[in-house]
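See below for the structure under consideration.
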Amino acid sequence: MSDSHPSRVFFEANPAANVASRLADYPPPERWDDWVELDAKSWPRRVEKRYAIVPTTCFNCEAGCGLLAYVDKESGRIRKLEGNPVHPGSRGRNCAKGPATLNQVDDPERVLHPLKRKGPRGSGEWERVTWDHVLDAFAERIRKALVENRRTEVMYHVGRPGHDGYVDRVLRAWGVDGHNSHTNVCSASARVGYALWQGYDRPSPDFSRAKYILLVSAHLETGHYFNPHAQRIIEGKMAGAKLAVIDTRLSNTASMADVWLSTWPGSEPHVLLAIARHLLEQGAVDREFVARHVNWEESLERLAPGRPKSMDEFLAALRTLYDGFTFERAEKESGAPASKIAEIASGIAAAGRGGLATHVWRSAASGNLGGWQVARCLYLLNVLTGSVGTEGGVSPNGWHKFVPTPFSSPPPQDVWSELLFPREWPLAHHEMSFLLPHLLEDGKGRVDVYFTRVYNPVWTNPDGFQWIAMLKDEAKIGLHACLTPVFSETAWFADYVLPMGLGPERHDLMSYETGPARWIAFRQPVLRVAQERAGKRVDFTWQANPGEVWEEDEFWIELSWRVDPDGSLGVRRWFESPYRAGEKITIEEYYRHIFENSVPGLPEAASKLGLTPLAYMRRFGCFEVERDVYRRYEDRPFATPSRKLEFVSPTMSEWGWDDEAVPKPIESHVSRARVDGSKGEFVLIPTFRLPTLIHTRSGNAKWLYEISNANPVWIHSSDAARIGVRTGGLIRVSTEIGHFVNRAWVTEGILPGVVACSHHLGRWRLSDALGNDRWSSALVTIEETSPGVMRLRQKKGVEPFDSPDPDSRRVTWTESGVHQNLTFPVHPDPVSGMHCWHQKVVVERAAAGDRYGDVVVDTRKSMEVYREWAAMARPGPGPGGLRRPLWLLRPVRPSDAAYRIGPAESP
Ligand code: SF4
């Protein structure tokens with residue numbers, strides 16, 4: 001039996017299944033073809049139901065947990081979705097959002113056919129069209145752009161990627177620089193911090209073997225890799241690890257901590273550097289690791305020029321650098337007691353070498369100006385304790401994520417889009433996506449063909465009214481298709497709404513750093529697979545999916561062939577079968593080639609079971625390539641220019657940020673000094689998640705909205721008493737450009753002077769008949785109440801409605817939350833490019849005439865704030881006339897030549 005044999009993974013995850021006298025937790029893989037359960041609805045009669053169990057992968061967050069779809073052999077429909085016990089990341093476990101995929105599949109409100117607008121954009125009139133019409137309309141427009149060499153005018157803007165590299169390959173085949181993402185409203189800040197240290201932009205903590213776990217923010221429990229990481233954090237705790245959480249809010253994660261620090265937003269680096277100082281003072285440093293893996297000689301020259309090059313000198317220079325970061329100063333900055341910070345520092349020091357698992361992703365990093373330094377300061381603790389690449393430490397994600405190569409790879413494009421990476425932000429870790437309306441308003445370009453894919457910028461991004469204005473302007477956006485399973489605020493303003501498959505209705509490859517192993521998972525359209533198992537021929541996934549729901553992989557193949565029908569543009573050849581020369585590739589061939597050629601060990605494991613590699617993946621849905629992956633620096637060094645962990649970052653110095661070249665605090669735009677409580681000012685934390693919802697992708701899940709359907713503003717009891725508001729009372733929260741009205745939730749679980757509002761809720765629709773799901777949205781009006789001042793007001797909240805699902809008449813909740821993001825101006829961080837989410841706000845009791853859900857925005861002010869923040873940037877070009885350092889990661893990286901600004905292009 002191979003190491004990664006599914007039965008081994010299954011029985012390790014389910015020891016009870018080895019004992020004949022007990023019930024198994026999961027159906028054993030060998031019985032997935034014909035699984036029998038008693039029908040609950042027929043009770044007390046014992047009626048057997050037979051299922052084909054088909055594995056797939058959850059699409060509701062990026063963790064990529066395994067799911068098993070129970071396809072009823074009688075009805076041909078999915079009966080339920082549960083965990084896949086042989087998935088190495090999730091090991092059979094899911095959060096609430098995994099099984100709720102069933103709601104999304106059965107949602108009576110979902111879009112089942114392609115729609116084209118009839119009236120002006122946003123008028124809400126739609127007609128059904130054929131996929132042939134859609135493909136021809138877009139192919140003609142894209143072909144024209146390619147022929148006319150307008151290769152920055154085709155843009156694909158993705159919210160949830162959910163695939164590894166498929167669309168990147170499509171865009172490269174077209175030769176366009178058109179990949180846009182949501183990352184700069186998500187994680188770009190932390191990524192810069194990690195990338196400057198190690199080249200890789202994500203951390204992969206080994207929680208289950210850690211001796212000490214330090215989390216900055218709650219995202220492990222409610223967001224990023226929620227379930228796979230959460231289960232491993234608890235394993236670590238059960239094995240004796242201490243858990244410390246730094247989070248302003250008493251999150252669910254904080255409630256599980258041994259030590260919780262509620263810190264003022266933006267002060268986190270002070271706390272982390274006080275811990276670093278303690279480690280240096282106590283000598284709790286892994287000197288051997290630092291000597292071998294850190295660019296300490298280069299760093300020492302920068303910190304103490306001319307000093308002898310020894311480790312003693314380097315550590316002395318660090319002690320000098322961080323001398324002022326005492327526990328007492330950290331307390332003054334953060335509000336957290338010095339004794340508690342010292343307790344964490346002592347715990348980390350006592351844990352010894354190699355066993356510190358840390359993590360920051362969004363929250364503190366994504367909320368603050370300079371938040372990327374939170375990741376720099378946090379990872380410093382791992383570096384000092386030698387907890388990088390170790391059992392219980394943190395590895396670079398690239399050591400644990402497995403990305404196979406497809407049958408052919410188009411060359412990088414020779415063109416650079418300044419709408420994606422404007423030269424003002426040369427170190428921006430991802431595309432400046434949330435600035436697209438502002439960049440177009442500034443005349444930086446035009447988009448002729450725009451695909452938004454599982455992306456809802458009108459609702460998700462800050463400054464949503466700028467997005468609405470841009471999407472309605474045909475001079476800025478020529479043709480817009482929204483690829484989405486459901487309607488959304490953004491789809492409302494599109495030219496086409498194109499229904500795309502949910503998690504169990506499409507193919508994708510997934511791999512994530514959920515622990516010290518490398519695995520690959522196969523998302524697959526379960527009805528197609530079930531029908532094929534039953535002997536039915538299915539040529540395209542949409543034939544098995546509900547309605548005319550396509551899977552995107554097949555959409556891109558068809559579209560690419562129509563863009564280049566005779567092959568003269570050189571596009572088509574990338575979509576020709578590797579098995580049948582000159583013929584169009586099928587999606588099965590695409591994945592078959594990868595599984596046969598690019599996944600080490602898979603062909604052998606499949607052969608032992610008498611299966612082809614593709615059949616193996618169809619049957620089990622995943623494959624563990626390697627486990628216990630540690631110390632990969634022995635054969636795969638860090639991806640920085642020096643190939644070492646970079647304490648001093650020469651790149652920062654060379655690109656005009658010498659003052660930020662070492663881990664240190666940057667004063668946040670919401671620091672204590674900048675927020676005047678005597679004027680009623682607060683910091684608003686608008687980013688926290690609820691464990692049961694995901695951004696805009698869960699509005700079509702009735703079970704989840706039954707649990708979570710409001711986002712009241714957390715406010716400390718002392719602040720609430722001062723303002724004179726109780727839980728449930730209305731408050732007005734005013735930002736730089738507007739205000740929103742929401743209910744208060746009075747609690748001791750947040751720092752005085754800070755308020756917080758979850759970012760999931762507040763969905764809206766403009767028509768009762770069509771638009772966002774009625775499970776989750778309020779019916780609203782949008783009016784211009786005075787020149788440039790827009791008001792969104794709720795006409796009615798959620799109420800029971802008629803549909804084929806009888807549950808829609810049983811809806812008990814009446815509110816859907818408040819859309820706060822509309823009132824946020826853009827805050828592009830001058831280094832990372834991240835939108836700095838935290839807001840300085842004024843909180844007061846609602847005024848006369850205010851209504852729950854009101855959102856008012858003065859759109860004239862939003863460009864002013866944009867320009868204030870843009871003025872902080874330090875534009876390129878950098879050394880050698882480059883737009884961006886060649887080594888720094890960039891999605892869909894163009895050729896080196898495209899990085900250079902030519903003489904004619906120089907600013
Ligand atoms: S953590 Fe939940 S939402 Fe995310 S992939 Fe796993 S089951 Fe799905």
Side-chain angles (χ1 to χ4, degrees), residues 13 25-26 55-70 78 80-105 107 159-164 182 186-187 202 204-205 207 215 217-235 251-253 359 361-362 397 400-401 454 485-486 501-506 508-515 517 519-524 526 621-622 688-705 707-708 758-760 776:
D25 292 320
Y26 302 94
T56 189
T57 307
C58 181
F59 192 49
N60 278 336
C61 88
E62 67 180 321
C65 297
L67 290 174
L68 293 182
Y70 289 62
I78 303 172
K80 61 180 176 178
L81 290 127
E82 295 188 339
N84 180 356
V86 305
H87 188 291
S90 55
R91 304 178 295 188
R93 305 166 202 171
N94 299 101
C95 77
K97 300 179 288 274
T101 301
L102 183 65
N103 295 165
Q104 300 169 313
V105 171
D107 176 23
R160 168 59 40 231
H163 57 76
D164 270 341
H182 76 289
C186 174
S187 56
R202 303 167 82 120
S204 178
F207 291 122
L215 308 177
S217 89
H219 275 90
L220 289 171
E221 156 267 345
T222 53
H224 185 68
Y225 300 164
F226 161 40
N227 163 33
H229 274 178
Q231 50 181 274
R232 288 168 172 84
I233 290 170
I234 296 303
E235 281 173 7
S251 62
N252 291 357
T253 304
H359 198 277
W361 196 235
R362 299 185 179 113
N397 71 313
H400 293 160
K401 181 178 169 76
V454 195
V486 284
L502 294 154
E505 297 168 349
R506 50 185 293 134
D508 288 311
L509 291 177
M510 298 287 293
S511 177
Y512 279 113
E513 55 277 9
T514 50
W519 52 263
I520 186 165
F522 194 26
R523 182 175 291 128
Q524 48 182 353
V526 301
C622 50
F688 80 86
R689 284 183 164 183
L690 302 171
T692 42
L693 298 179
I694 283 282
H695 295 297
T696 78
R697 285 192 308 290
S698 44
N700 52 351
K702 60 187 180 186
W703 296 339
L704 300 179
Y705 264 76
I707 299 169
S708 310
S758 167
H759 69 175
H760 292 296
S776 54

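Hydrogens, waters and symmetry mates are skipped; everything else that's a heavy atom, side chains included, is used. Order of listing sets the numbers, starting from 1, for every ligand and every atom in it.
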Report summary line: Numbered in order shown, the ligand 1 atoms found under 4.0 Å of a heavy atom of C95 are 1 (S), 2 (Fe), 3 (S), 7 (S)
Query raised in the report: Do you see an N/O/S atom of C61, backbone or side chain, under 2.8 Å from atom 8 (Fe) of ligand 1?
Result: no
Query raised in the report: At a 4.0 Å cut-off, with the gap strictly under it, does some heavy atom of S90 reach an atom of ligand 1?
Result: no
Query raised in the report: F207 vs H359 aromatic rings, parallel, tilted or perpendicular, using cut-offs 30° and 60°?
Result: tilted
Report task. Using a strict 4.0 Å cut-off to heavy atoms of C65, name the atoms of ligand 1 that fall inside it. Result -> 1 (S), 5 (S), 6 (Fe), 7 (S)
**Report entry** Atoms in ligand 1 flagged as close to K97, the criterion being non-hydrogen separation under 4.0 Å
**Finding:** 3 (S)
Query raised in the report: Distance from L68 atom CG to L81 atom CG, nearest 0.5 Å?
Result: 8.5 Å
Query raised in the report: Is the distance from atom 2 (Fe) of ligand 1 to some N, O or S atom of C58 under 2.8 Å?
Result: no
Query raised in the report: How long is the gap from OH on Y26 to CZ on R91, to the nearest 0.5 Å?
Result: 10.0 Å
Query raised in the report: Atoms of ligand 1 less than 4.0 Å from N227 heavy atoms?
Result: 1 (S)
Report task. Enumerate the atoms of ligand 1 whose separation from the nearest heavy atom of N60 is less than 4.0 angstrom. Result -> 3 (S)
Requested in this report: Check ring pair (Phe, Tyr, Trp, His ring centres under 6.0 Å) between Y512 and all other residues, then give those that pass, not counting sequence neighbours.
Outcome: Y225
Query - With T56 via side chain to side chain donor-acceptor pair (under 3.5 Å) - residues at least two apart - result: none
Query raised in the report: Any idea which atoms of ligand 1 are less than 4.0 Å away from a heavy-atom of G98?
Result: 7 (S)
Requested in this report: Validate the cation-pi geometry between R523 and F59: distance from NZ or CZ to the six-membered ring centre under 6.0 Å, angle to the ring axis within 45°.
Outcome: no
Query - Contact check, side chains of H87 and W519, non-hydrogen atoms, under 4.5 Å - result: yes
**Report entry** Numbered atoms of ligand 1 (with element) below 4.0 Å of G64, judged on heavy atoms
**Finding:** 5 (S)
